[in-house]
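This report concerns only the one structure given below.
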Amino acid sequence: MAKSDYYGTLGVRRDASAEEIKKAYRRLARELHPDVNPDPETQERFKDITQAYEVLSDPNKRQMYDMGADPFAAGAGAGAGGFGAGFPFSDIMDAFFGAAGGGGGRGPRSRARRGRNATIRVELDLRESAFGTTRELVVDTAVLCEVCTGSGAAAGTHPDTCDMCHGRGEVSQVTRSFLGQVMTSRPCPQCGGFGSIIRNPCQECSGDGRVRTRRTIKVRIPAGVEDGTHIQLAGEGEIGPGGGPPGDLFLEIVERAHEIFERRGDDLHCTVQIPMTAAALGTILTMETLDGAEELDIRPGTQSGQTIPLYGRGVQRLNETGRGDLLIHVNVETPARLDPAQEELMRELAKLRGEERPPGKFAPGQQGFFSRLRDAFNGR
Ligand SMILES: [Zn+2]
Ligand SMILES: [Zn+2]
């Protein structure tokens, strides 16, 4: 059996998109439909283009065909025409009449729909995001209309059954074609597919089933959140129309920058400048951490670029135990200006240390960067 040229039949290129194939088929089908053009030759052509579309509109069959197989030639045998079992009427008819809206579900659709999600931004300072906090938030939202309890109908009234679709929510249409009678359904235009009509809408909510209001909610923000964290509060969004279930409320965390600490993950970083003499002799500094004032031990011989870690003084890990670290990067300040007495002392010191004409130690790359990394891992 000769393999049909399906692309040629539809007049599309081999690399035509699904949309192009559908368009070509619809254009030809309008022209060649047996209802329009009942002569036998046109009917044959209509079968051909429908068969071509059947194959090319189905990604699997199209792939088979492109690889050299003809799904129809294989399955149809000597039978007539090739419209074998499993011919997808609905697909073809959707392409022809336009997809029937809704799809899937049968019967009237419910007026109740899920409410929208809402997002509100919550600004926290570092201490709040590190340790968690509780906030009272005022949200503009929609709540159930208590007058109609969500039905949308005025008190003492009920929605009337739609007389166009008799409550089914959809209307059917029978079309005659050479394939026989084809029934198509679409949502009822009178009731919008609900199957009922509200003639007396609730005054309070204008038939929406919900009213807008302001609500204050108390939320617990867990320790360890950071800038951009979303917290989902299930069911705290606005209620849906027609008494539908509420959406979710999302809190988006915005973390205000701290004046000293820079947060990276759960660790905090800061820089401290110390004079050269303090670096050489050692000293004790007092610094304000998230946990209050702490003493920072600068050991004698501290180098510029060294990192002093305060373990467990960072941010609480979100949903885990333990905290990040506080890493203090040391910058040693070289005095820029010396008075004569200081210069005298300095020269004396250099002489004692044999550093009057130091050779310098050269090394490849950025030693400072790597030693800082190493310090961060080893602690000094
Ligand atoms: Zn109401
Ligand atoms: Zn209706």
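Below, each value reflects all heavy atoms present in this structure, side chains not excepted, and no hydrogens, waters or symmetry copies. Just follow the structure's listing: the first ligand is 1, and inside any ligand the first atom is 1. What you see is a predicted model, and the numbers here were worked out from it, not measured in a lab.
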Would Arg13 and Glu20 pass as an ion pair if we require N to O under 4.0 Å?
-> no

Cys145 SG to Cys205 SG via the Zn ion (ligand 1), rounded to 10°, gives 110°

Taking C-beta and beyond as the side chain, do Thr157 and Arg199 meet within less than 4.5 Å on heavy atoms?
-> no

Heavy-atom side-chain proximity of Asp140 to Arg214 below 4.5 angstrom | yes

Under 3.5 Å: donor-acceptor pair, side chain of Arg109, backbone of Gly169 = no

Ignoring waters, how many protein N/O/S atoms are under 2.8 Å from the Zn ion (ligand 2)?
-> 4

Any side-chain heavy atom of Leu251 within less than 4.5 Å of one from Arg135?
-> no

Find out if a path of hydrophobic residues (ILVMFWY) with successive side-chain heavy-atom gaps under 4.5 Å connects Ile274 to Met276.
-> yes

